[in-house]
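Since the model is a prediction, treat every value here as computed from it, not as a measurement. Every chain is numbered from 1, with letters handed out A, B, ... down the list of sequences.
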Amino acid sequence: MSDSTVRVRFSPAPTGYLHVGSARSALFNWMYAQRTGGTMVLRIEDTDADRSQPELIDAIHNNLSWLGITWDEEYRQSDRFDLYRAAAQDFLDRGLAYRCDCSQEEVKVRAEASGDQGGYDGHCRDRNVEPGDGVVVRFRTPDDGTTSYEDLIRGTVEFDNSTLEDFVIVRSSGVPLFHVANAYDDLDMGITHVVRGEDLVNTVPRVLLLRQAMLGPDQQGTPNPVFAHLPLIVNEQRKKLSKRRDDVSVGDYADKGYLAAAMRNYLLTLGWGPRDGGEEIRPINELVAQFDLDDINAAPAFFDIKKLDHFNAEYIRALPVEEFIEAATPFLDDPDVGTIEPELFERLASFVQERVRRLDESASFLDWVVGEPREPSEKDWKKVMGGSDEKREMSARVLDLVIERIADCPWEPEALEGVVFGVGEELETKTQMPVRMALTGARSGIPLFEPMVELDRTVVLDRLRTARAKL
RNA sequence: GCCCCCAUCGUUCAGUGGCCUAGGACACCUGCCUUUCACGCAGGCAACACGGGUUCGAAUCCCGUUGGGGGUGCCA
């Protein structure tokens with residue numbers, strides 16, 4: 001199964017924080033490299049100096065590492081400008097490209113005047129424009145024929161060359177565009193499989209044309225890389241996830257208390273599923289073992305936070321409690337909740353672990369233990385303490401008895417439970433809810449009696465009396 | 001406008017001509033368990049976009065329609 005000739009690459013542009021769509025591309029590349037024993041290349045595509053932010057490269061490293069994605073080689077295109085420039089010059093020398101001094105406005109005006117066929121009209125093809133200000137280099141595309149490629153996910157994709165305009169390969173600043181860098185690097189780095197988002201499909205014919213033109217005499221017959229264009233990840237409006245509209249930075253998910261393993265596992269279910277039809281939540285190595293690019297779906301997939309939450313909850317619960325404590329501790333500092341001492345958290349962590357979906361929810365389960373009870377909603381209060389006079393009276397009797405007996409019982413969970421339930425048996429009613437409401441201000445939460453002993457007896461009595469007084 | 005892609009439950013994955021009265025998971029709803037919630041368990045709701053072919057037979061193949069998306073930059 002191992003094919004050591006496989007070379008894949010993840011090529012992010014450092015123009016923003018890594019978002020889930022990019023992370024997914026990286027992940028699928030990584031999966032394939034893992035399965036095949038191939039090489040994973042990280043290539044930073046920072047040819048656009050205006051938009052690239054070098055400091056984001058660190059963030060990309062961190063985000064990938066967080067997800068457990070590793071790479072074997074790393075390059076920066078900004079280190080390789082000379083190579084791309086030389087390739088472009090070679091095109092010029094061989095008459096495969098030409099200089100153009102048309103302004104963007106001129107191109108646009110002529111395109112509109114000529115009717116529906118947008119794009120550049122080839123105005124400068126034979127004008128022998130000299131280098132100078134505002135002069136770009138364009139690649140001469142064929143006027144007829146077709147350019148097609150094999151996509152592992154979509155089959156054969158074919159483009160009419162007549163629809164391809166003579167596109168710019170070198171900016172007027174002298175810096176080559178990504179197409180050139182892309183074609184050059186994929187060839188130079190021996191990339192065998194190009195796995196990336198569907199939004200890049202339309203760049204394939206341009207890149208392929210450039211690649212063919214770059215092939216030296218000794219490289220004739222070098223096969224094109226195999227392409228696999230992943231379906232887009234979309235939002236609820238079925239539009240491509242965007243950094244603007246959607247909150248999708250990988251770092252944000254880490255900050256919100258998603259576990260990397262859960263995120264990674266969830267991302268893998270978007271556009272792909274385990275071939276054996278088994279569980280979708282499972283160890284990464286099992287998924288790697290059956291991963292293949294041509295099993296990937298072609299249809300866009302919705303990024304469903306609810307399902308991610310479910311994955312996350314499962315992963316959290318599966319953690320040994322010590323690991324949960326370690327993972328949750330950074331999230332305990334919640335401004336809405338009082339200070340949670342590490343020892344206290346350790347004692348109660350298992351209760352929290354069972355209920356929490358995201359790590360950043362952890363502190364809120366302990367609010368009443370380290371601070372005041374919540375202010376119950378009128379609705380909840382009524383529902384628990386009684387909407388009718390009859391029920392209210394019963395709640396009052398429950399609280400009276402509990403207050404009386406709790407005043408001098410042993411301060412341990414079993415004894416407290418004995419008191420509360422004992423009153424229940426005596427009065428033939430359920431007693432936990434009124435007590436819970438009095439102590440926590442909520443109808444639901446972690447078990448009552450173990451956390452209760454963390455509170456001083458006087459505090460408990462005080463809360464019970466306060467609630468009783470409100471009846 | 002032009003180019004490219006996509007189309008199974010609300011969501012996601014399965015299904016590659018008969019095993020499909022279409023399966024799993026999430027979500028939702030009902031119960032059970034539990035003197036809270038959560039977990040767990042048992043059920044339920046719910047889909048092959050439409051129209052033509054091809055075939056003995058189509059969710060599966062072909063064509064068209066409709067719908068959706070992506071691209072159309074001196075961004076990647």
Side-chain angles (χ1 to χ4, degrees), chain A residues 11-15 22 45-48 50-52 77 100 103-104 107-108 112 115-119 134-138 151 153-155 157-160 162-165 167-179 181-182 196-205 229 231-232 234 236-240 266 268-281 295 297-311 313-314 317 351-357 365 384 417 420-421 424-425 429-433 435-437 440 442-448:
Chain A
S11 314
T15 56
S22 305
E45 305 222 327
D46 54 353
T47 54
D48 185 350
D50 292 341
R51 303 203 318 158
S52 290
Q77 291 190 326
C100 166
S103 71
Q104 294 182 67
V107 170
K108 201 174 154 195
E112 277 167 9
D116 51 15
Q117 197 74 319
V135 173
V136 300
V137 178
R138 289 182 182 274
D151 196 307
I153 299 172
R154 280 148 228 285
V157 182
E158 198 173 65
F159 295 84
D160 235 316
S162 63
T163 65
L164 263 30
E165 61 178 317
F167 56 94
V168 175
I169 57 175
V170 181
R171 297 172 172 90
S172 54
S173 65
V175 177
L177 269 109
F178 82 99
H179 297 108
N182 214 276
R196 25 116 91 148
E198 189 194 347
D199 50 344
L200 271 340
V201 172
N202 289 291
T203 71
V204 175
H229 285 95
L232 258 18
V234 299
E236 45 287 304
Q237 278 90 240
R238 296 253 127 209
K239 301 223 190 287
K240 179 169 81 156
Y266 174 65
L268 246 15
T269 67
L270 260 23
W272 183 78
R275 188 165 224 176
D276 63 11
E279 294 292 317
E280 40 187 16
I281 297 183
D295 289 335
N297 246 318
F302 170 60
F303 188 76
D304 188 352
I305 299 278
K306 282 191 172 176
K307 189 150 181 176
L308 205 213
D309 281 348
H310 173 256
F311 273 49
E314 293 262 326
R317 267 184 258 116
F351 301 125
V352 175
Q353 182 179 11
E354 274 181 80
R355 273 150 262 260
V356 91
R357 293 154 71 82
F365 281 91
V384 173
E417 180 174 336
V420 173
F421 287 1
E425 273 167 40
T429 184
K430 291 184 179 175
T431 52
Q432 183 181 164
M433 285 308 277
V435 175
R436 174 177 290 279
M437 183 55 87
T440 75
R443 289 173 55 203
S444 63
I446 55 174
L448 208 47

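- At whole-Å resolution of the value, NE2 in A:His179 and C1' in B:A76 are 9 Å apart.
- Remark on RNA chain B: of its neighbouring residues A:Phe365 and A:Glu45, the 5'-side contact belongs to A:Phe365, judged by nearest-heavy-atom nucleotide.
- When rounded to the nearest whole Å, the span between CG of A:Asn182 and C1' of B:C75 equals 13 Å.
- Here the side chain of A:Ala13 is nearest to one of B:C74, B:A76, B:U11, namely B:A76.
- A:Val168 is listed as a side-chain neighbour of A:Arg138, based on a closest heavy-atom distance under 4.5 Å.
- If you take atom P in B:C6 and the same atom in B:C61, they sit 12 Å apart, rounded to whole Å.
- A:Leu164 contributes atom CG, which lies 9.5 Å from atom CG of A:Asn202 (distance to the nearest 0.5 angstrom).
- On a pure distance criterion of 3.5 Å, no polar donor-acceptor pair joins the side chain of A:Arg317 and the base of B:C39.
- Interatomic distance, CD of A:Gln77 versus CG of A:Asn182, reported as 6.5 Å (0.5 Å rounding).
- In this structure, the nucleotide among B:C74, B:C75, B:G69 sitting nearest to the side chain of A:Arg51 is B:C75.
- If you check B:U11, B:C74, B:A7 against the side chain of A:Phe302, the one that comes closest is B:U11.
- Across all strands shown, B:G10 forms a Watson-Crick or G-U wobble pair with B:C26, both key distances being under 3.5 Å.
- Judged by Watson-Crick or G-U wobble contacts below 3.5 Å, the nucleotide B:U16 has no partner.
- Side-chain nitrogen and oxygen atoms of A:Gln432 include none within less than 4.0 Å of the OP1 or OP2 phosphate oxygen of B:U36.
- If you check B:C41 for Watson-Crick or wobble pairing at under 3.5 angstrom, you find it paired to B:G31.
- Across all strands shown, B:A58 remains unpaired; no Watson-Crick or G-U wobble contact has both distances below 3.5 Å.
- Residue-to-nucleotide contacts include no donor-acceptor pair under 3.5 Å from the side chain of A:Ser173 to the base of B:C74.
- Straight-line distance from the CD1 atom of A:Ile169 to the C1' atom of B:A76: 17 Å, rounded to whole Å.
- In this structure, of B:C5, B:G68, B:U36, it is B:G68 that holds the atom nearest to the side chain of A:Arg238.
- For the pair A:Lys239 and B:G69, the criterion of a side-chain N or O lying under 4.0 Å from OP1 or OP2 is met.
- Residue A:Phe311 is classed as having no contact, given no heavy-atom separation below 4.0 Å to the nucleic acid.
- One C1' atom belongs to B:U72, the other to B:U16, and the distance between them is 34 Å to the nearest Å.
- Among B:C4, B:U36, B:A76, the nucleotide with an atom closest to any side-chain atom of A:Val157 is B:C4.
- Residue A:Glu280 holds its CD atom at 9.5 Å from OH of A:Tyr266, rounded to the nearest 0.5 Å.
- Looking at A:Arg154 and A:Glu198, a side-chain N of the basic residue comes within less than 4.0 Å of a carboxylate O on the acidic one, giving a salt bridge.
- For B:A22 and B:A46, the P atoms lie 11 Å apart once the distance is rounded to whole Å.
- Taking every side-chain heavy atom of A:Asn202 into account, B:C4 is the closest of B:C4, B:U36, B:G68.
- Here A:Arg357 does not reach the OP1 or OP2 of B:A38: none of its side-chain N or O atoms lies under 4.0 Å away.
- Summarising the geometry, atom CD belonging to A:Glu314 is positioned 4.0 Å from atom NE2 belonging to A:His310; distances are rounded to the nearest 0.5 Å.
- Among the atoms of the strands shown, base atoms are found under 4.0 Å from some heavy atom of A:Gly134.
- Remark: the A:Lys307 side chain and the B:A27 base include no donor-acceptor N/O pair separated by less than 3.5 Å.
- In this structure, CD1 of A:Ile305 is placed 15 Å from P of B:C28, rounded to the nearest angstrom.
- B:U8 and B:G24 are spaced 14 Å apart, taking the C1' atom of each and rounding to whole Å.
- How far CD1 of A:Ile446 is from OG1 of A:Thr440: 9.0 Å, rounded to the nearest 0.5 Å.
- Remark: the A:Arg355 side chain and the B:C37 base include a donor-acceptor N/O pair separated by less than 3.5 Å.
- Residue contacts shown for A:Asp295 are limited to sugar-phosphate atoms, with no base heavy atom under 4.0 Å away.
- Of the side-chain N and O atoms in A:Thr47, one or more sit less than 4.0 angstrom from OP1 or OP2 of B:A76.
- Here the straight-line distance linking atom CD of A:Gln237 with atom CZ of A:Phe302 works out to 9.0 Å at 0.5 Å rounding.
- One can place NE2 of A:His310 at 12 Å from C1' of B:G40, the figure rounded to the nearest angstrom.
- Here A:Lys306 does not reach the OP1 or OP2 of B:G10: none of its side-chain N or O atoms lies under 4.0 Å away.
- Between B:C13 and B:C74, the two P atoms lie 35 Å apart (nearest whole Å).
- Comparing A:Thr429 and A:Leu200 by the nucleotide of RNA chain B that holds the closest heavy atom to each, the one mapping nearer the 5' end is A:Thr429.
- Nearest to the side-chain atoms of A:Gln104 among the listed nucleotides B:C5, B:C3, B:C74 stands B:C74.
- Residue-level contact check: A:Gly277 touches neither bases nor backbone, having no heavy atom under 4.0 Å from any strand.
- Here the P atom of nucleotide B:G71 and the CZ atom of A:Arg154 are 13 Å apart, to the nearest Å.
- Heavy atoms of A:Glu314 sit under 4.0 angstrom from primed sugar atoms or phosphate atoms, though from no base atom.
- As a whole-Å value, the separation of A:Leu448 CG from B:A38 C1' is 15 Å.
- Pair assignment for B:G64: B:C50, on the basis of Watson-Crick or G-U wobble contacts that are both within less than 3.5 Å.
- The nucleotide B:C2 finds its pairing partner in B:G71, both defining distances of the Watson-Crick or G-U wobble pair being shorter than 3.5 Å.
- Atom C1' of B:C45 sits at a distance of 31 Å from the matching atom of B:U35, rounded to the whole Å.
- Residue contacts for A:Asn297: at a heavy-atom cut-off of 4.0 Å it reaches the sugar-phosphate backbone alone, with no base atom in range.
- When rounded to the nearest whole Å, the span between CD of A:Glu198 and C1' of B:C6 equals 7 Å.
- One finds no side-chain N or O of A:Arg275 lying less than 4.0 angstrom from the OP1 or OP2 phosphate oxygen of B:U16.
- Taking the side chain of A:Asp304 as heavy atoms from C-beta on, and the options B:C4, B:A76, B:U11, the nearest nucleotide is B:U11.
- Nucleic acid contact for A:Pro231: none, since no nucleic acid atom lies under 4.0 Å from a heavy atom of the residue.
- Each of B:C75, B:C37, B:U12 was ranked by its minimum atom distance to the side chain of A:Leu270; first place goes to B:U12.
- Counting non-hydrogen atoms under 4.0 angstrom, A:Thr431 reaches a base of the nucleic acid.
- A:Glu236 places none of its side-chain heavy atoms less than 4.5 Å from the side chain of A:Ile305.
- Using P as the reference atom, B:U60 and B:G52 are 14 Å apart when rounded to the nearest Å.
- Counting non-hydrogen atoms of other residues, nucleotides and ligands closer than 6.0 Å to CZ of A:Arg238 gives a total above 12.
- B:G64 and B:C26 have their C1' atoms separated by 36 Å, given to the nearest Å.
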